[in-house]
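Sending over a structure as structure tokens; questions will come in a sec.
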There are 2 protein chains.
Amino acid sequence: MRVTIKDIAREAGVSTAAVSKALNGQPDIGETTRLRIIRISRELGYTPNMIARNLVTKGNKTIGVLIPDISTPIYPRIYKGINETAMKYGYTLLLGDTKRSIESEKKYIMTMMENRVAGLLVSPVSNDISHIVQVVRGQIPIIYFGGKVNDAMQNSIGIDNYHGAMLAVDYLTGLGHKDIIMICDDLDTKTRHDRVDGYTEAMKRKGLKPLVVFNNEGLKGRQCGVSAIRHIIAGRTLPTAVFALNDLMAIGAMEALSEAGIQVPEAVSVMGYDDISFASLPMIGLSTIWQPKFKTGEMALELLHKKLQDDPVTEDRKIVLQPELRIRTSTCRI
Amino acid sequence: MRVTIKDIAREAGVSTAAVSKALNGQPDIGETTRLRIIRISRELGYTPNMIARNLVTKGNKTIGVLIPDISTPIYPRIYKGINETAMKYGYTLLLGDTKRSIESEKKYIMTMMENRVAGLLVSPVSNDISHIVQVVRGQIPIIYFGGKVNDAMQNSIGIDNYHGAMLAVDYLTGLGHKDIIMICDDLDTKTRHDRVDGYTEAMKRKGLKPLVVFNNEGLKGRQCGVSAIRHIIAGRTLPTAVFALNDLMAIGAMEALSEAGIQVPEAVSVMGYDDISFASLPMIGLSTIWQPKFKTGEMALELLHKKLQDDPVTEDRKIVLQPELRIRTSTCRI
DNA sequence: ATGAAAGCGCTAACAG
DNA sequence: CTGTTAGCGCTTTCAT
């Protein structure tokens, strides 16, 4: 059995109430007894039982975090931001990897609720979050973040994908490119929509004709990039620049291009989106749009913390962070 | 206030004990009352309070996980293994990113103890774990894993680095290489020692002269690889193969080689260790030693689970997992 | 300044 | 079968 305040009380010849007071720095306890109690508790190797304490104080410094897949190039950085800020405010994190499965997500939400977390930070697996809302029932605050965030989510940290895509196009046109194709897997999420819309709008504003090539085989990531480029090579004169929905697709595009003996960036510039960790390796050197990942995590926890502090009915807020251009060697002046 | 069994009891006109029994599927309760209680609990939207339950049952299905840095190419995969197995056994995970700081590690250990986790999975920040042992005082089981695991750690999941390095050398010599240099940052951990020893022993067995080039500028990762190769180029005839302590260093080596106009693998073969996520990208194509990362996580939790099940005094166990060769395009026959 | 008592939400004997 | 009672480890009035 672990040592409890009862043990300390017995040892010190005082009541448990006295021990509690001494240990929590309350004023209504004599200085000498306090010191003695503290000394004894140290001698006995006492570790406070937060669980028991929280039961009575109804305070709880644990926050649940739900992430679709921690082994991606994106989420670990976000988690770092969350973790760092959590330490700052003294929160403990319960992390669940939902494996991009609604089933798993639902299960985790239940577990978190049962474990009485104070709030939830979730990067949803799908656009539809009704199963989450249904279980949580407004009992604790939730902040949403990540790729599936959409306007229907009340409290969220988003990134301005529309603006990010425009940044990419403006940079490319500034380099003299006119024939810029965007390659995309599908239009599944608001993130994708925004990037495509930003590309389209930016092209129009420059008086250029936008062309988005979608993949209809259900491919994602690198494979999707490879396949898209192969299709383009087969059916059309090459564009001077390719803007990919994300870095993984861009890398796939570079692979397909080099496989066909086409020089990057001399013949075709390639631009990605996300700035995943290895985009900056010299061997890859992918020009891309950087996302404030760490900051996303920070803000998510910051916002949750605010909601936990204020009176329960804080107004809902959406925070939108701005992406930035990262120029490397996969793009060049035409 | 959230709904409690008291609310259900009142609503159903029974005692809280009856509710508890009904909800926990105990036999000594009438089938009709059970059904009614369950229906009401559902209507009221009851979520069991695990915290309170654990206080009385003294059971706890939460496990603390400490990782030096979740935003690396290695740990996320290990965490996946832990997470998956945790779900299987119904454990919830408290994750702490210790940022490779002893300070932070100590703090997390405290928090975990206060939150009364059932056990701990830790990938220590340093070889010295006395601060951990001191706080935990054998009160709960700990399983160690990761790069700093050494023979002093009683319960651990390790990977056979000695054997892994031999695998690399044997493969390289099989390709006809005789002049194989190993590059290493320092000899800080047992992992590093084992890899260097494995390399040295394998070379000797083939009747070849081992040569390990250390970096004395305190560099790590890619920069260290770059610097090591530059030194070698400056001071010595080129070896036909370079075996790097880890993939990041290998990638740095490839960078430095290509910067000097030396073809990989035609002029020099490069071999890494770890098989980090992007080693397999065609643009990198690094031959390396794969580590069972996911499995490490699985086994760690599995072992902890075993210790949690058995009588507390289970014998201590060390598990050693075997690495495997991954051949790609950075190495070739001489 | 200190302690007795009540109670957080729940389970576990033990009676009835 | 069902309810009463006690108590997990801790905090918090409220007396003393």
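Below, chain A is the first sequence line, B the second, and so on; all start at residue 1.
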Is a side-chain donor-acceptor pair under 3.5 Å present for B:Tyr75 with B:Ser123?
->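 Looking only at side-chain atoms, B:Tyr75 and B:Ser123 do form a donor-acceptor pair, the distance falling under 3.5 Å.
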Taking atom P of D:dG9 as reference, at what distance in whole Å does atom CG of A:Leu44 sit?
->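 Nearest whole value for this atom pair: 14 Å.
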Please check the phosphate of C:dG9 (OP1 and OP2 only) for any side-chain N or O of B:Thr4 closer than 4.0 Å.
->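 No, because none of the side-chain N or O atoms of B:Thr4 sits under 4.0 Å from OP1 or OP2 of C:dG9.
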Do any side-chain nitrogens or oxygens of B:Lys6 fall under 4.0 Å of OP1 or OP2 in C:dC8?
->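 For B:Lys6, the contact criterion (side-chain N or O under 4.0 Å from OP1 or OP2 of C:dC8) is met.
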In whole Å, what is the span from the CD1 atom of B:Ile51 to the P atom of D:dC10?
->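 Atom-to-atom, B:Ile51 to D:dC10, this comes out as 14 Å.
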Where the side chain of B:Thr57 is concerned, which of C:dT11, D:dT11, C:dC10 is the nearest nucleotide?
->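 Nearest to the side-chain atoms of B:Thr57, counting from C-beta on, is C:dT11.
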Choose from D:dG9, C:dG3, C:dG9 the nucleotide whose nearest atom is closest to any side-chain atom of B:Val56.
->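 The answer is C:dG9, which lies nearest to the side chain.
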Tell me whether the OP1 or OP2 atom of C:dT2 has a side-chain N or O from A:Thr33 closer than 4.0 Å.
->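 Looking at the OP1 and OP2 atoms of C:dT2, one of them is under 4.0 Å from a side-chain N or O of A:Thr33.
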Return the value, rounded to whole Å, for the distance between atom CG of A:Asn24 and atom P of D:dG9.
->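 Rounded to the whole Å, the gap is 17 Å.
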A:Glu31 bridged to A:Arg36 by N-O distance under 4.0 Å |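 Salt bridge: no.
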Figure out the CE/P separation between A:Met113 and C:dG9, and round it to whole Å.
->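 After rounding, the reported distance stands at 14 Å.
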5'-most contact on DNA chain D: B:Gly13 or A:Ile5, nearest heavy atom basis?
->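 Closest to the 5' end, via its nearest nucleotide, is B:Gly13.
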Please state how far atom CD1 in B:Ile37 lies from atom P in C:dC10, giving the value in whole angstrom units.
->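 Roughly 13 Å, once rounded to whole Å.
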Atom CG of B:Leu55 to atom C1' of D:dG7: distance rounded to whole Å?
->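 Distance, rounded to whole Å: 9 Å.
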Which part of the nucleic acid does B:Val14 contact within heavy-atom distance under 4.0 Å: base, sugar-phosphate only, or nothing?
->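 Result for B:Val14 = sugar-phosphate.
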D:dG9 P sits how many Å from B:Arg53 CZ, rounded?
->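 These atoms are roughly 18 Å apart.
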Is the closest basic N to carboxylate O distance between B:Lys99 and B:Asp69 below 4.0 Å?
->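 No salt bridge links B:Lys99 with B:Asp69.
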Quick one: the side chain of B:Lys21 and the base of D:dG3, do they pair up donor-acceptor inside 3.5 Å?
->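 Per atom types, the contact qualifies.
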Does any donor atom in the side chain of A:Arg53 or A:Asn24 lie under 3.5 Å from an acceptor atom in the other side chain?
->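 Yes, side-chain donor-acceptor contact under 3.5 Å.
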Could you check whether A:Asn54 gets within reach of a base, just the sugar-phosphate, or nothing at all, counting any heavy atom under 4.0 Å?
->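 Result for A:Asn54 = nothing.
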Contact class for A:Ala17 vs. all strands (heavy atom < 4.0 Å): base, sugar-phosphate, or nothing?
->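 If one applies the 4.0 Å heavy-atom cut-off, A:Ala17 turns out to touch a base.
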Between C1' of D:dC10 and CE of A:Met50, the distance in whole Å |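 About 11 Å, once rounded to whole Å.
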Would you kindly say whether B:Thr189 and B:Arg192 are connected by a side-chain donor-acceptor distance under 3.5 Å?
->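 The criterion, which ignores hydrogens and geometry beyond distance, is satisfied for B:Arg192 and B:Thr189.
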Tell me what A:Asp28 touches on the nucleic acid: a base, only sugar-phosphate, or nothing, going by heavy atoms under 4.0 Å.
->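 Answer is base: heavy atoms of A:Asp28 come under 4.0 Å of a base.
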Map A:Arg34 and A:Thr16 onto DNA chain C by nearest heavy atom, then report which one ends up closer to the 5' terminus.
->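 Upstream on the strand: A:Arg34.
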